[in-house]
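Written below as structure tokens is the structure these notes are about.
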Amino acid sequence: MANYDFDMGILGGGAAGLTIASGAAQLGAKTLLIEKGKELGGDCLHFGCVPSKTLIRTANVYHLIKNAKHFGLPQVDLPPVDFKEVAKRIQSVISIIQKHDSEERFCKLGVRVEFGQATFVDEHNILLNGEKYSSKTWVIATGSSPSVPSIEGLDKTPYITNREIYSLERLPKTMIVLGAGPIAIEMAQAFCRLGTKVSVIQRSDQILTKEDKDMADQIMKVLSDEGVAFYLNTSVINTMEAGSEKEITIKRGEEVINVRGEIILVAMGRDANLNGLGLKDLDLDFDRAGIKVDHRLRTNQKHIFAAGDVTGEYQFTHAAGYEGGVVITNAIFHLPRRVDYTFFPWCTYTDPELASIGMNEKGAKAAGIKYSAWIEEFKDNDRSLAEGEHIGKIKMILDEREKPLGVQILGPHAGDLVSEWVAITNGRVKLSTLASAVHPYPTLGEINKRVAGTFLSGKIFSDRVRKGLKFFFNLKGRACEPLNRVITP
Ligand SMILES: Cc1cc2nc3c(=O)[nH]c(=O)nc-3n(C[C@H](O)[C@H](O)[C@H](O)COP(=O)(O)OP(=O)(O)OC[C@H]3O[C@@H](n4cnc5c(N)ncnc54)[C@H](O)[C@@H]3O)c2cc1C
């Protein structure tokens with residue numbers, strides 16, 4: 001039997017790689033973790049979830065203060081934002097979390113951490129900083145990078161991506177956002193709230209294209225009302241530098257429009273990080289979107305796994321963590337565990353947030369599944385009104401057997417509210433259990449109970465039930481008929 005230096009070798013110290021390294025080492029596997037950057041933590045910590053959510057919070061606080069009068073408070077005249085201070089706060093949050101993802105912590109767990117660019121020399125050996133390391137099992141968890149489209153002039157026009165946006169020297173007066181996915185839309189609202197005039201350019205007729213149009217349109221309306229300009233159904237013709245600004249020429253139908261901005265943010269999807277790994281020589285299946293894996297996250301070389309953004313599938317930190325667990329079960333316990341994304345949740349952290357789990361109407365229609373949709377609005381939730389939040393709704397999608405296919409929530413704290421549905425869908429909890437379980441009043445969470453109740457009330461308060469009760473218990477029926485008053489002017 002071949003003797004390898006390590007049981008488990010991992011390329012990439014982000015959410016997926018760290019989950020696998022920690023699990024493997026604690027289970028007794030001799031584990032090597034290789035990170036190309038200077039620190040562990042990956043995109044989520046340094047250029048993704050953590051800085052974006054920190055920035056969003058700052059922008060939302062500024063927005064709230066500016067809108068104090070809506071809460072019965074005196075109007076405040078605020079000085080403009082000093083982005084250096086905002087960037088400082090972002091870095092301080094990152095540095096606190098960095099401690100959880102430190103080399104020392106992983107070393108304590110038993111993981112050997114090395115930094116540098118690793119390249120496969122054959123299917124069990126990699127070359128790193130001039131040294132060869134062998135491992136019985138490898139995991140590629142190298143993440144993804146912003147995809148930069150081939151647009152005429154873009155190579156000569158300065159632009160930024162999520163890697164630069166959190167460390168800007170000052171708040172830009174104007175910004176053009178190319179793309180309208182979650183990263184683009186979160187940043188569009190946050191910068192607009194901080195005081196930047198933002199324009200969003202999008203190819204299709206909808207922002208957040210994975211979501212149902214009614215939900216996405218409601219978010220677009222909120223952002224439009226706050227001052228974000230949207231250019232939908234457009235194709236970009238070219239970009240160029242125009243003095244201190246950048247100019248993007250777009251076409252919408254026959255109309256040609258020039259949009260100018262101090263900064264261009266490119267947020268048009270992600271490419272898997274595969275450069276320099278030597279995958280071609282390994283004969284591994286991959287394309288620009290990512291490494292091809294089976295349901296157990298194995299590549300076509302069965303001892304090489306891939307997890308996280310690099311597979312091009314569900315590009316979220318919690319997906320990377322989940323997939324890390326699936327790799328551990330398969331590679332360390334040797335148990336055949338498959339990934340299952342049926343009830344996979346995610347959230348876009350705009351204000352209001354848009355959270356989803358399972359199938360939406362778009363998905364059900366595409367799959368040819370018959371469904372019914374049940375809706376409750378936040379304007380009918382007492383807590384929501386008390387909080388000054390009246391926009392949004394919950395949409396529950398049921399199949400023909402009246403089992404939940406999915407739920408979408410557009411509203412305050414939607415990302416937290418969807419967690420109840422994580423338990424309901426994964427635990428196959430009956431809607432009647434949700435509807436009869438006591439929820440504290442007044443809470444936003446009551447909307448979950450209420451949508452289930454609305455669906456069930458049609459069955460409980462039916463003519464059939466009324467007739468049965470009348471028959472058995474001699475109930476006398478209505479005590480008041482609707483008043484048909486004629487109102488005279
Ligand atoms: C702006 C933004 C906001 C986001 N917000 C959210 C959010 O709110 N919620 C959420 O769930 N997700 C969010 N995401 C997505 C999330 O960041 C990713 O899904 C997550 O980081 C993926 O983890 P990963 O381990 O696959 O990759 P990464 O975290 O990117 O880690 C990969 C690591 O591999 C390293 N690497 C690359 N090449 C090599 C190599 N050849 N050798 C060794 N190491 C290598 C990289 O340096 C990196 O450290 C956001 C992303 C962005 C860009």
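As the structure lists them, so they are numbered: ligands from 1, and atoms in each ligand from 1.
Taking distance alone, with nitrogen or oxygen atoms compared against 3.5 Å, Tyr166 stays at or beyond that limit from ligand 1. Residue Arg270 has no N or O atom closer than 3.5 Å to an N or O atom of ligand 1. Residue Glu35 has at least one nitrogen or oxygen atom sitting less than 3.5 Å from a nitrogen or oxygen atom of ligand 1, judged on distance alone. Residue Gln117 has at least one N or O atom closer than 3.5 Å to an N or O atom of ligand 1. Checked by distance only, ligand 1 and Ala15 come closer than 3.5 Å through their nitrogen or oxygen atoms. Any N or O atom pair closer than 3.5 Å counts here, and Ala16 shares at least one such pair with ligand 1. Residue Thr317 has at least one N or O atom closer than 3.5 Å to an N or O atom of ligand 1. Looking at ligand 1, you won't find any N or O of Gly17 less than 3.5 Å from one of its N or O atoms. Residue Asn162 has no N or O atom closer than 3.5 Å to an N or O atom of ligand 1. Ligand 1 has an N or O atom lying under 3.5 Å from an N or O atom of Lys36, backbone or side chain.
When hydrogens are left out, the protein atom nearest atom 29 (O) of ligand 1 is Asp43 N, 3.0 Å; that is the closest non-hydrogen contact. Remark: minimum distance from atom 37 (C) of ligand 1 to any protein heavy atom is reached at Thr142 O, 3.2 Å. Among protein heavy atoms, atom 31 (O) of ligand 1 sits closest to Gly14 CA, 3.2 Å. From the protein, the heavy atom lying nearest to atom 15 (C) of ligand 1 is Gln315 O, 3.6 Å.
For Cys49, heavy-atom contacts with ligand 1 shorter than 4.0 Å involve the backbone as well as the side chain. Counting heavy atoms under 4.0 Å from ligand 1, residue Leu277 touches it through the side chain alone. The proximity of Asp309 to ligand 1, defined as any non-hydrogen pair under 4.0 Å, involves the side chain as well as the backbone. Residue-level proximity to ligand 1 for Cys347 is absent, since no heavy atom of it falls below 4.0 angstrom.
Gly276 does not count as a contact of ligand 1, since none of its heavy atoms falls under 4.0 Å from the ligand.
Between Asp217 and Lys221, none of the side-chain N atoms (NZ, or NE/NH1/NH2) sits under 4.0 Å from a carboxylate O, so this pair counts as no salt bridge. A salt bridge does not link Arg338 to Asp294: none of the charged side-chain nitrogens sits closer than 4.0 Å to a carboxylate oxygen. Salt bridge absent: Lys132 and Asp5 never bring a charged side-chain N and a carboxylate O closer than 4.0 Å. Taking a cutoff of 4.0 Å between a charged side-chain nitrogen and a carboxylate oxygen, Glu85 and Lys88 qualify as a salt bridge. Ion pairing between a basic and an acidic side chain is recognised when a charged N comes within 4.0 Å of a carboxylate O; Lys53 and Glu186 show such pairing.
Distances below 4.0 Å separate heavy atoms of Gly143 from the following atoms of ligand 1: 26 (O), 27 (O), 30 (O), 32 (C). Every atom of ligand 1 is numbered from 1 in the order shown, and the set under 4.0 Å from a heavy atom of Gly42 is 29 (O), 31 (O), 48 (C), 49 (O). Atoms of ligand 1 found under 4.0 Å from any heavy atom of His318 (numbered from 1 in listed order, with element): 11 (O). Remark: ligand 1 atoms within the under-4.0 Å shell around heavy atoms of Gly308 are 26 (O). For ligand 1, the atoms lying closer than 4.0 Å to a non-hydrogen atom of Ser52 are 3 (C). Counting atoms of ligand 1 from 1 in the listed order, those under 4.0 Å from a heavy atom of Tyr349 are 8 (O). Within ligand 1, counting atoms from 1 as listed, the ones closer than 4.0 Å to a heavy atom of Gly13 are 33 (C), 34 (O). Per-residue contacts place Phe47 under 4.0 angstrom from the following atoms of ligand 1 (heavy atoms of the residue considered): 1 (C), 53 (C).
No donor-acceptor distance shorter than 3.5 angstrom exists from the side chain of Asp43 to the backbone of Ala15, with no hydrogens or angles considered.
Checking Gly48, Cys44, Gly41 against atom 2 (C) of ligand 1, the nearest heavy atom belongs to Gly48.
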(request) Please test Phe344 against Phe316 for ring pair (Phe, Tyr, Trp, His ring centres under 6.0 Å), starting from the C-alpha separation and ending with a verdict. (result) CA-CA 10 Å; Phe344 184 83; Phe316 299 98; 5.7 Å; yes
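When ring centroids are compared, Tyr166 and His46 stay outside the 6.0 Å threshold.
There is no side-chain donor-acceptor pair under 3.5 Å between Ser145 and Asp271. Looking only at atom types and distance, the side chain of Asn360 has no donor-acceptor partner in the side chain of Gln408 under 3.5 Å away.
Contact of the Met187 side chain with the Leu55 side chain is registered, since non-hydrogen atoms from C-beta on lie closer than 4.5 Å. Under the 4.5 Å side-chain criterion, counting only non-hydrogen atoms from C-beta, Lys246 is not in contact with Thr239. Here the side chains of Lys393 and Met215 are in contact, with some heavy-atom distance below 4.5 Å.
Asn238 CG: more than 12 foreign heavy atoms inside a 6.0 Å radius.
For Ser356, the side-chain hydrogen bond (donor to acceptor under 3.5 Å, both in side chains) test picks out Glu211, with sequence neighbours left out.
Identified under the side chain to side chain donor-acceptor pair (under 3.5 Å) test for residues 20-38, with sequence neighbours left out: Ser22-Gln26.
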